[in-house]
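Structure first, commentary second.
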Amino acid sequence: AKASGSAPFQVFDPTLHQTAIQRLQLEIDLRKALYQQELVVHYQPILALTTSKLVGFEALVRWHHPQKGLVSPAVFIPIAEETGLITQIGHWVLKRSCQQLQQWQAEKRFSAPLTMSVNLSARQFTQPDLVEQIDQILAETQLNPRYLKLEITESAIMRNAEATTSVLQELRKRHIQLSIDDFGTGYSSLSYLHSFPVDTLKIDQSFVQQMGENADSLGLVPLIINIAQKMGMTVVAEGVETQTQLDHLKALNCDFGQGFFFCKPLEADKISALLASKS
Ligand code: C2E
Ligand code: CA
Ligand code: CA
Ligand code: CA
């Protein structure tokens, strides 16, 4: 046999093979996760930066895998996207989180109304009955649409800008609020941005975390806040982890913040307890 080093190509890469098998196994498990009730929604508080008051939550899905333990959405959401499972998962997260907010409101857990922000994937956006699904969830949960906020990434919008705009307009008619998620990471098109009926820009956490210790190194954050305010949108800074970042954001008049510095995403019971202790 020839020395393996001189082989012109490798027919079988055992590590690649392993990865493919693991990925496939995860996909098989994910198909079962929903009806086996392995998915849960965690809620991360969003605060007004000037008053430190709670204004709402972001719903973030979690998967408790029976053998692997907690699997990150950064791992399974892309698989759910590729396989189309995201439409069922996304529908479930939306319903669950609307129910939860409505329950907290019914229990009078907070005085001022709070919003629930829910991530919508690109794939969900292409479902022809998306708006009907949302209408049905709002009807079932009795949640006032004004308290629902949907988060969509720029790339999801840009994938089919015209079709998306008409869906966004439909949602707007119902007074559902809209946010652009991970702003700055996609290829932003400012000329498009102003034509989308969007209420809020969420600055991606990578920009927030790059904000340096001195005012010369604020990176793109001041620009993004400026753009949002010129367009009449509010701004949420994600991934706020330090007092320094918070100070910079306040000085820049950023409206809202979310991050480990305030609170990590928590299960519903922990949020209920937190709300009880504050009131
Ligand atoms: P995202 O929408 O940008 O969500 C924010 C992510 O940042 C969350 O990660 C959150 O836990 C994390 N985070 C919050 N504060 C901090 C902080 O101070 N520092 C750091 N380093 N991270 C922070 P998570 O929950 O792991 O979710 C990852 C991504 O998975 C989300 O990013 C979103 O794109 C996707 N995802 C999560 N839940 C859903 C869902 O229900 N539907 C869809 N379509 N996507 C979801
Ligand atoms: Ca988000
Ligand atoms: Ca984000
Ligand atoms: Ca993100």
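In each ligand, atom 1 is the first atom listed, and ligand 1 is the first ligand listed. Heavy-atom basis, side chains included; hydrogens, waters and symmetry copies ignored.
Among the backbone and side-chain atoms of Asp182, none of the N, O or S atoms lies under 3.0 Å from the Ca ion (ligand 2). Among the backbone and side-chain atoms of Asn119, an N/O/S atom is found under 3.0 Å from the Ca ion (ligand 2).
Nearest N, O or S atom of Asp181 to the Ca ion (ligand 2): atom OD2. In Glu238, the N, O or S atom that comes nearest to the Ca ion (ligand 3) is OE2.
A donor-acceptor contact shorter than 3.5 Å is absent between the side chain of Arg146 and the backbone of His175. Checking side-chain atoms of Asp255 against main-chain N and O of Val235 turns up a donor-acceptor pair under 3.5 Å.
No side-chain donor from either of Gln205 and Asp182 sits under 3.5 Å from a side-chain acceptor of the other. With 3.5 Å as the limit, one finds no donor-acceptor pair spanning the side chains of Arg109 and Gln105. Donor-acceptor pairing under 3.5 Å is lacking for the side chains of Gln136 and Glu132. Side-chain atoms of Gln245 and Gln209 form no donor-acceptor pair, as typed in the model, at a separation below 3.5 Å. Side-chain polar atoms of Thr200 and Lys149 form a donor-acceptor pair below 3.5 angstrom. Side chain to side chain, Gln44 and Gln258 meet the donor-acceptor criterion of an N or O pair below 3.5 Å. Side-chain polar atoms of Ser121 and Glu81 form a donor-acceptor pair below 3.5 angstrom.
Arg62 counts as a contact of ligand 1, since one of its heavy atoms falls under 4.0 Å from the ligand. Distances from ligand 1 to the non-hydrogen atoms of Glu58 include at least one value under 4.0 Å. Residue Gly90 places no heavy atom under 4.0 Å from ligand 1.
Below 4.0 Å from some heavy atom of Gln44 lie the following atoms of ligand 1, by number and element: 14 (C), 15 (N). The contact set between ligand 1 and Asp182, taken as ligand atoms under 4.0 Å from a residue heavy atom, comprises 3 (O).
Residue contacts with ligand 1, taken as heavy atom pairs separated by less than 4.0 Å, involve Val93 solely via side-chain atoms from C-beta onward. Counting heavy atoms under 4.0 Å from ligand 1, residue Val41 does not touch it at all. The parts of Ser121 lying near ligand 1 are both backbone and side chain, judged by heavy-atom distances below 4.0 Å.
On a distance-only criterion, Phe260 and ligand 1 share at least one N/O pair closer than 3.5 Å. An N or O contact shorter than 3.5 Å links Asn119 to ligand 1 by distance. Ligand 1 has no N or O atom lying under 3.5 Å from any N or O atom of Phe261, backbone or side chain.
For atom 6 (C) of ligand 1, the choice among Lys202, Gln258, Glu238, Gln205 with the nearest heavy atom turns out to be Gln205. Nearest-residue assignment for atom 1 (P) of ligand 1 (options Val75, Thr185, Asp181; heavy-atom criterion): Asp181.
Relative ring orientation between Phe57 and Tyr43 is described as perpendicular, the plane-to-plane angle rising above 60° on a 0-90° scale split at 30° and 60°.
Glu58 contributes OE2 and Glu151 contributes OE1; the angle these two atoms make at the Ca ion (ligand 2) is 90°, rounded to 10°.
To the nearest 0.5 Å, atoms SG (Cys254) and CG (Leu49) are separated by 5.0 Å.
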